[in-house]
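All of these numbers come straight from a predicted model, not from anything done at the bench. One-based numbering, in listed order, for ligands and for the atoms of each. The figures that follow rest on heavy atoms only: side chains count, while hydrogens, waters and symmetry mates do not.
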Amino acid sequence: MNTNFPREYATLRHRALRRARKALVIGATGILAAAGVISFSAPASAASTLGASAAAKGRYFGSAVAAGHLGESQYASTLDTEFNAVTPENEMKWDAVESTRNSFNFGSADQIVSHAQGKGMKVRGHTLVWYSQLPGWVGGLSAGDLRSAMNNHITKVMQHYQGKIYAWDVVNEAFQDGSSGARRSSPFQDKLGNGYIEEAFRTARAADSGAKLCYNDYNTDGVNAKSDAVYAMVKDFKARGVPIDCVGFQSHFNSQSPVPSDYRANLQRFADLGVDVQITELDIEGSGSAQATSYGNVVTACLNVTRCTGMTVWGVTDKYSWRSSGTPLLFDSNYAKKPAYATVLSTLGGSGSGSGGGGSTGGSGATCTTTYTRTASWSDRYNGQVTVTAGNSAISDWAVQVTLASPQKVSTTWSGSPSWDSSGNVMTMKPNGNGSLATGASTSFGFTVMTNGSPAVPTVGSCTAS
Ligand code: G2I
């Protein structure tokens, strides 16, 4: 191990900062001299997408994704523009990956994971042990056989995705609804007893120690008998050293099951146990300002809980929602942004361009888009490349924000002029000299990231052009 690393890194950063400051001064002087008038852009403006605004608040904003829709261009472009995390909606479930015992099929799930990796998005793994979408053979096993099948399933699936998953829903929906606080009947519960949940988490930690391990459930969003039962389990796990890192709150709401008034308080009491909390399957039936207000309340609650690390909506568009007729999502079935979208964006501190998406904003028609690619990887670091492409008119300047998840750090950059926020995690990249690009033309910049042990992928925010 290189024990000099922190020092070396500090020197590199120091040099990079010096270079950046110098480059900015030279750049600004050049423009002043040439133009005489300052129309030059200010520092990075408010982010204009859900993902970039959430990243500016240290969170991710994700969507459930179905592999079968990735080929639809509006679906993919809305996903790629707005979101910086994904959860496979069905593709990682037991019936999808192991319909026959010990014969694994990762095709559709791999498609989602590689799409996400190519775009620098986080991936939530959903789900390893759940009573539903279980192939028939699982229910027919004896207790001993079921135990080894469960542990084999967890191990093989997690190892296949090692280093690529931010957090796994290790166990999903293990508790009954209502006031009993009891565990839900399932092959696991009925044959292995209460201990199966603990066993699943221990097996999961052994399979991939780099992924966060979550318990995920619904109707646990406020303080009630069901969430009390989950709370008691998490408290017991923490007390006994059973590995659990996070609790997911699905947050499927409608008029019968509205956002509870103690939503934030409930998230906070779990966070106080020493776990992260995440909003994992958010959707709210309804429309217009009522729906928008409820969405805003959920986002506010997450932002007000330090350990609420991110939010995921359960689908990109109403068109493909599991409860489409309730129009519960942020984009309508024609991919138009709904009032709820605007409220979520502004609650996240972002500012909208008003229409269309497309991954870009800017004054007087100047737009640009970005694509991110990991171009090389080593055991301790990787190279990332961002390609900036001008939209339907020529541009004279651009800026792109790249956010790294701590403890990852950029050690060097090329073909751009970087500046950093005070945390050192948010890099704003501007052109090295002349930022002019003809309509549709591209340029690229690159950087090396020291992983410091974290498998995270960087978040590339929207591109600002003038
Ligand atoms: O039910 C909503 C969610 C509740 N929490 C756990 C989530 O995993 C669950 O997701 C839904 C998916 O959104 C649906 O898409 O889980 C359902 C299954 O329990 C999914 O529905 C299934 C249909 O029932 C199947 O007929 C279909 O083959 O989707 C499958 C794939 O399209």
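Of the listed residues (Y215, F270, Y231), just one forms a ring-ring contact (aromatic ring centres under 6.0 Å, His included) with F249, and that residue is F270.
Note: no N/O pair closer than 3.5 Å links W322 and ligand 1 by distance alone. The distance criterion of under 3.5 Å between nitrogen or oxygen atoms is met by E89 with respect to ligand 1. Considering backbone and side-chain N/O of N172, none are found under 3.5 Å from N/O of ligand 1.
When the heavy atoms of E281, E173, R323 are ranked by distance to atom 3 (C) of ligand 1, first place goes to E281.
In this structure, K319 does not pair ionically with D332, as no charged nitrogen and carboxylate oxygen lie closer than 4.0 Å. K164 and D208 are not joined by a salt bridge, as no carboxylate oxygen comes within less than 4.0 angstrom of a charged side-chain nitrogen.
Within the 6.0 Å centre-distance limit, the rings of F106 and Y161 are counted as a close aromatic pair. When ring centroids are compared, H160 and F104 stay outside the 6.0 Å threshold. Taking the six-membered ring for Trp, Y218 and H252 have ring centres at least 6.0 Å apart.
In this structure, atom 23 (C) of ligand 1 has no protein heavy-atom contact shorter than 4.0 Å. Shown here, atom 31 (C) of ligand 1 is in close reach of the protein: a heavy atom of it lies under 4.0 Å off. Distances from atom 1 (O) of ligand 1 to the protein include at least one heavy-atom value under 4.0 Å. For atom 10 (O) of ligand 1, a protein heavy-atom neighbour is present inside the 4.0 Å cut-off. Counting protein heavy atoms under 4.0 angstrom from atom 14 (C) of ligand 1 gives one or more.
Atoms of ligand 1 lying under 4.0 Å from any heavy atom of Q250, numbered from 1 in the order shown and given with element: 4 (C), 5 (N). Near H252, the atoms of ligand 1 lying under 4.0 angstrom from a non-hydrogen atom of the residue are 3 (C), 4 (C).
Contact annotation for Y218 and ligand 1: no heavy atom of the residue comes within less than 4.0 Å of the ligand.
The closest side-chain donor-acceptor pair between D272 and Q268 falls under 3.5 angstrom. Checked by atom type, the side-chain pair D80/H115 shows a donor-acceptor distance below 3.5 Å. When only modelled atom types and interatomic distance are considered, S251 and Y263 share a side-chain donor-acceptor pair under 3.5 Å.
A cation-pi arrangement is present between R374 and Y382, with the terminal nitrogen or guanidinium carbon under 6.0 Å from the aromatic centre and inside a 45° cone about the axis.
With hydrogens left out, the protein atom closest to atom 29 (O) of ligand 1 is N90 ND2, 3.5 Å, a heavy atom. For atom 16 (O) of ligand 1, the nearest non-hydrogen atom of the protein is K93 NZ, 3.1 Å. With respect to atom 18 (C) of ligand 1, the closest heavy atom belonging to the protein is Q133 OE1, 2.9 Å.
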